[in-house]
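Beneath this line is the structure, given in structure tokens, with notes to follow.
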Amino acid sequence: MNEKIRAREVLVIDENGEKRGVLPIEEALALAEQAGLDLVEVAPNAEPPVCKVLDYGKYKYQAQKRAAEARKKQKTIEVKEVKMRPTIDTHDYEVKMRNLRKFLSKGDKVKVTIRFRGRELAHTELGRELMERVLADAGEDVKVELMPKMEGRQMVMILAPEK
């Protein structure tokens with residue numbers, strides 16, 4: 001910006017967006033000062049470097065506004081977790097499934113975890129059956145990101161909304 005530009009000659013674009021051609025840096029700075037604006041280097045790697053005559057404060061403000069707008073529009077996807085046991089009761093299962101559907105409808109991913117304790121670890125087929133039941137009850141607009149697999153004493157599956 002202004003005196004910090006090191007090139008001897010620059011391609012100048014004035015405040016109206018019109019090319020003024022390749023000018024010595026002194027002439028370009030005088031042109032910017034005459035307009036009451038700043039000379040900003042927009043393409044330093046070009047040959048010759050491209051400089052634009054503009055209000056630097058306003059330019060920075062608009063860039064900040066664009067970045068904030070882009071951040072506002074992006075959706076963060078959270079991974080929610082639903083924990084169960086292989087011997088889960090009917091009502092408890094229905095409550096967990098209601099929460100699971102709510103999370104998926106909001107666009108979040110859901111990690112379904114079945115924790116095995118003691119001798120339950122010998123009957124992992126019960127956990128697999130429960131996972132299949134969860135998948136069947138979750139609905140058809142759900143995709144499996146991670147198929148059920150054992151991780152230590154627990155079986156894990158990740159579901160995501162299909163969009």
Side-chain angles (χ1 to χ4, degrees), residues 1-2 4-6 10-11 13-19 37-47 49-163:
M1 180 177 124
N2 293 336
K4 293 181 182 151
I5 299 171
R6 294 278 164 240
V10 291
L11 176 63
I13 300 172
D14 66 9
E15 63 273 12
N16 303 324
E18 296 171 21
K19 276 188 185 178
L37 300 170
D38 299 306
L39 185 68
V40 180
E41 197 171 30
V42 291
N45 297 332
E47 195 55 50
V50 180
C51 291
K52 202 169 187 179
V53 177
L54 48 84
D55 184 355
Y56 187 66
K58 185 177 175 184
Y59 171 75
K60 246 174 88 169
Y61 175 75
Q62 287 173 340
Q64 193 177 3
K65 285 292 241 189
R66 280 193 301 273
E69 193 66 33
R71 272 195 307 276
K72 195 187 299 180
K73 288 182 181 172
Q74 70 182 193
K75 169 133 175 48
T76 56
I77 296 174
E78 289 186 46
V79 178
K80 303 285 189 170
E81 188 171 15
V82 175
K83 293 182 179 181
M84 298 181 191
R85 296 271 316 281
T87 56
I88 191 167
D89 199 38
T90 311
H91 182 263
D92 294 333
Y93 174 78
E94 289 168 4
V95 170
K96 300 279 186 182
M97 286 308 295
R98 198 173 325 127
N99 286 334
L100 185 134
R101 284 190 208 97
K102 183 176 72 176
F103 296 148
L104 288 170
S105 68
K106 287 184 179 176
D108 295 325
K109 292 181 181 182
V110 179
K111 180 179 181 180
V112 182
T113 305
I114 299 177
R115 171 163 252 134
F116 296 95
R117 286 163 56 184
R119 293 188 204 141
E120 292 173 346
L121 204 53
H123 301 285
T124 56
E125 70 276 356
L126 293 174
R128 224 167 266 292
E129 289 171 13
L130 182 58
M131 284 290 195
E132 288 170 11
R133 185 171 152 206
V134 167
L135 190 56
D137 293 348
E140 57 274 349
D141 58 331
V142 174
K143 69 177 179 186
V144 180
E145 283 205 348
L146 180 71
M147 291 303 285
K149 71 174 189 176
M150 288 298 293
E151 289 182 355
R153 292 189 153 271
Q154 53 191 22
M155 187 177 286
V156 177
M157 173 173 67
I158 297 180
L159 302 175
E162 198 165 87
K163 286 183 182 174

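On a predicted model such as this, the values are computed, not experimentally measured, just so you know.
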Looking only at heavy atoms, what is the nearest atom pair of [X] and [Y], with distance?
| X | Y | answer |
| --- | --- | --- |
| Pro148 | Met157 | CG-SD, 3.7 Å |
| Glu145 | Lys109 | OE1-NZ, 3.0 Å |
| Phe116 | Met155 | CE1-CB, 3.9 Å |
| Gly118 | Arg153 | N-NH1, 3.7 Å |

Quick one: does any side-chain atom of [X] pair with a main-chain N or O of [Y] as donor and acceptor, under 3.5 Å?
| X | Y | result |
| --- | --- | --- |
| Lys96 | Lys83 | yes |
| Asp108 | Lys80 | no |
| Asp14 | Asn16 | yes |

With a 4.5 Å limit on heavy-atom distance, are the side chains of [X] and [Y] in contact?
| X | Y | answer |
| --- | --- | --- |
| Val95 | Arg98 | yes |
| Met97 | Val82 | no |
| Arg133 | Tyr93 | yes |
| Asp55 | Tyr59 | no |
| Lys65 | Glu69 | no |
| Met150 | Leu121 | yes |
| Leu126 | Leu130 | no |

*Begin from the C-alpha positions of Arg101 and Val142 and carry the test side chain to side chain contact (heavy atoms under 4.5 Å, CB included) through to its verdict.*
CA-CA 10 Å; Arg101 284 190 208 97; Val142 174; over 6 Å; no
